[in-house]
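Here is how names work: the chains are called A, B, and so on, in the same order as the sequence lines, proteins then strands, and each is numbered from 1. Reckoned from all heavy atoms, side chains included, excluding hydrogens, waters and symmetry mates.
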2 protein chains.
Amino acid sequence: MTKRVTWQREAVRGALSSSDGFVSAQSLYSALRESGSPIGLATVYRALSDLAGEGEADSLQQEGESLYRACTPGSHHHHLICRNCGLTVEIEADAVEAWAASVAADHGFTQPSHVVDVFGLCANCQSLS
Amino acid sequence: MTKRVTWQREAVRGALSSSDGFVSAQSLYSALRESGSPIGLATVYRALSDLAGEGEADSLQQEGESLYRACTPGSHHHHLICRNCGLTVEIEADAVEAWAASVAADHGFTQPSHVVDVFGLCANCQSLS
DNA sequence: CTGCTATTGATAATCATTCTCAGCACTTTC
DNA sequence: GAAAGTGCTGAGAATGATTATCAATAGCAG
C-alpha cells in the first residue's frame, strides 16, 4: 500500500499547476496528449482524484463535469472564478466561515461544511467583449 | 409557442413541492412511476429544467447529478442542506450577497453571481446515528 | 538483480442527461 | 363538431463524462 512516485502523476500535477484556472479532466488529458505525453485517460482521472483527496487540488462541479485546480495545500479558501476564461483567484472568507457555522447552528445542524464560489467576468474578458 | 398546461408538468411540480429536500431527476422519475404515473423520463427532465428556468425550482449539482427543489418564486436565497436525508431550509444571506459583490469588485470582476450552500447534519439525523 | 505489488492504460461498462421523431392532445377555425 | 395547426410526450438511441476491469508494466525494497 506504499504510494509510488510515477512520472504520470507528476505530469498531471505539473499540468494542473501551470494552469491559471479550473480545468476539466478531459481537457487536461487532451493537453497532456498534445504535448506529447502518452498518458492514459484513466490515469488522469485517478491522479486528479488523488490530488483532490490529499488536499493539493480543489474541485468543483459545473455543467455536469468536474473541474480541478491546484491550490495551496492545507489552507481553507474559496474561489473567484471568471466564467469566461476560467481565471481563478483564491479568496479568504473568514466572515463567511463564521456566518455558515452560525446559520447551521441556528437550525440545529451539526458538522457544517459549505460551498462558496463567486463567479464573474474578469477585467481582461470584459475588455474583449 | 404558447405554453400548455399538462398533467405531466403538474405531476412533476407536485412531486417536487411535496418533497422536503433536494431530489434528483432520476429519483423523482422513479417516485412518480411507483405511484402509478406513466410519465416518461424525458418529460421529467424537461419539466424540471422548465421549472428551474422559470424560477420555481432551485437546482444544484452534487456527485455528478443535478438535484432540484421547489422554492419560493422570485426571491433570491440560499440553502442549508442535510447531507444525510436531504432536508433543506431556505436561508437569507444579505451579508453574504454584499460580501460576494465586494470581493468581485475588489478583483476587477463584474457581473458577479455566486454559489453559496451550507451542508450539515440535521437534528433528526444526528439522533439516528 | 529479483520478486512483490502498486500503477498503468486500452477498452468496456455505467450513469445521468439530451436528442430524435413519430404519435398524441389541446386549441382554434370553419 | 370535425379538421387543421402545433406544442407535448415518451421510448429508445445517442452523447459525454466518469469508473471498472484486468493483463501488462514498472517502482521499490532486499
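Neither OP1 nor OP2 of C/dT28 sits under 4.0 Å from any side-chain N or O of B/Arg4. OP1 or OP2 of C/dT8 has not a single side-chain nitrogen or oxygen of A/Thr43 nearer than 4.0 Å. For B/Arg46 and C/dC19, the shortest distance from a side-chain N or O to OP1 or OP2 is not below 4.0 Å. Side-chain N/O atoms of B/Gln8 include one lying less than 4.0 angstrom from OP1 or OP2 on D/dG10. Between B/Tyr45 and the phosphate of C/dT17, there is a side-chain N or O to OP1/OP2 separation shorter than 4.0 Å.
Computed from coordinates, the A/Leu48 CG to C/dG9 C1' distance equals 16 Å when rounded to whole Å. As a whole-Å value, the separation of B/Gln61 CD from D/dA17 C1' is 13 Å. Note: CD (A/Gln62) to P (D/dT18) measures 12 Å, nearest angstrom. For A/Leu28 and D/dT18, the CG to P distance is 12 Å, given to the nearest whole Å. The CD-C1' distance, from A/Glu10 to D/dG27, rounds to 13 Å in whole Å. In this structure, CZ of B/Arg13 is placed 14 Å from P of D/dC8, rounded to the nearest angstrom. For A/Arg9 and D/dG27, the CZ to C1' distance is 11 Å, given to the nearest whole Å. Across the protein-nucleic acid pair, B/Trp7 atom CH2 and C/dC26 atom P stand 11 Å apart, rounded to whole Å.
Using a 4.0 Å heavy-atom distance criterion, B/Ser24 is classed as making no nucleic acid contact. Using a 4.0 Å heavy-atom cutoff across all strands shown, A/Gln26 reaches at least one base atom of the nucleic acid. Counting any heavy atom pair closer than 4.0 Å across all strands shown, A/Val5 reaches sugar-phosphate atoms only and no base atom. Within 4.0 Å of B/Leu41, counting heavy atoms only, lies at least one base atom of the nucleic acid.
Looking at which nucleotide of DNA chain C each of B/Ala25 and A/Thr6 is closest to, the 5′-most match is held by A/Thr6.
Within the 3.5 Å criterion, the main-chain N or O of B/Gln26 finds a donor-acceptor partner in the side chain of B/Ser30.
Both B/Leu48 and B/Leu32 are part of a single hydrophobic cluster, where members link through side-chain heavy atoms under 4.5 Å apart. Hydrophobic clustering, with ILVMFWY side chains joined whenever heavy atoms are under 4.5 angstrom apart, groups B/Leu60 together with A/Leu67. One hydrophobic cluster holds both A/Val96 and B/Leu80 under the rule that ILVMFWY side chains link at heavy-atom gaps under 4.5 Å.
Aromatic ring centres of A/Phe22 and A/His79 lie closer together than 6.0 Å.
Closest contact between the side chain of A/Lys3 and the listed nucleotides D/dT18, C/dT7, D/dG12 involves C/dT7.
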